[in-house]
Amino acid sequence: MADRAGHQREARGRAQMDYQQAMSGYKAQLMESTKRAFAKCEDKLAERSEPGRQLDSARALFDLWIDAAEESWAEVAMTPEYRTAYGALVDAQSRMRAG
């Protein structure tokens, strides 16, 4: 009985380590999306630097940021790297729940 409990603890420990590794990969993809969003936002702001095209409210700046973030997310979410990272995370979560 003790051997079985030790084996279960070992399996749970491996599942936890796999989950942490998968979460790191997923977070790296989120960070990539964020970096792209900042770059896109800067580009969009530069496009609006001319008189008459400048942003005139906090809401306009917010909308510009949301557009940049959504574009960035759409790009990252369609990459093989994101799909692999997300799939690994879901698999690792499932193994943890099963344990």
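We use all heavy atoms of the structure for the numbers below, so side chains are in, but hydrogens, waters and symmetry mates are not. Residues: numbered from 1 along the sequence shown. Quick caveat, the model's predicted, so the values are computed rather than measured.
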Report task. Scan residues 43-61 for pairs that pass salt bridge (charged side-chain N to carboxylate O under 4.0 Å, His left out), counting only residues two or more places apart or in two chains. Result ->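 Residue pairs passing salt bridge (charged side-chain N to carboxylate O under 4.0 Å, His left out), neighbours aside: K44-E71, R59-D63.
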Query raised in the report: Sequence neighbours excluded, which residues qualify as side-chain hydrogen bond (donor to acceptor under 3.5 Å, both in side chains) partners of E10?
Result: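 For E10, the residues satisfying side-chain hydrogen bond (donor to acceptor under 3.5 Å, both in side chains) (neighbours in sequence not counted) are R14.
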**Report entry** Heavy-atom donor-acceptor pair, R83 side chain to M78 backbone, under 3.5 Å
**Finding:**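 Yes: the side chain of R83 pairs with the backbone of M78.
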Report task. Using modelled atom types only, decide if a donor and an acceptor are shared between the side chain of T84 and the backbone of E81 within a distance under 3.5 Å. Result ->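 Side chain of T84 to backbone of E81: no pair is present.
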Report task. Step by step, work out the side-chain contact (heavy atoms from CB on, under 4.5 Å) result for Q21 and M17. Result -> CA-CA 6 Å; Q21 184 176 10; M17 287 175 51; over 6 Å; no
Indicate, with yes or no, if [Y] and [X] share a hydrophobic cluster defined by side-chain heavy-atom contacts under 4.5 Å among Ile, Leu, Val, Met, Phe, Trp and Tyr.
X	Y	answer
M96	Y86	yes
V90	Y19	yes
W65	W73	no

Requested in this report: Could you pull out all residues at least two apart from L45 that satisfy side chain to side chain contact (heavy atoms under 4.5 Å, CB included)?
Outcome: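 Counting only residues at least two positions away or on another chain, L45 forms a side chain to side chain contact (heavy atoms under 4.5 Å, CB included) with C41, L55, L61, L64.
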Using distance only, find each side-chain donor-acceptor pair of residues 26-39 under 3.5 Å and give its atom names and separation, not counting sequence neighbours.
{"from": "E32", "atom 1": "OE2", "to": "R36", "atom 2": "NE", "distance (Å)": "3.0"}
{"from": "S33", "atom 1": "OG", "to": "S72", "atom 2": "OG", "distance (Å)": "3.3"}
{"from": "T34", "atom 1": "OG1", "to": "L30", "atom 2": "O", "distance (Å)": "3.0"}
{"from": "R36", "atom 1": "NH1", "to": "E75", "atom 2": "OE1", "distance (Å)": "3.2"}

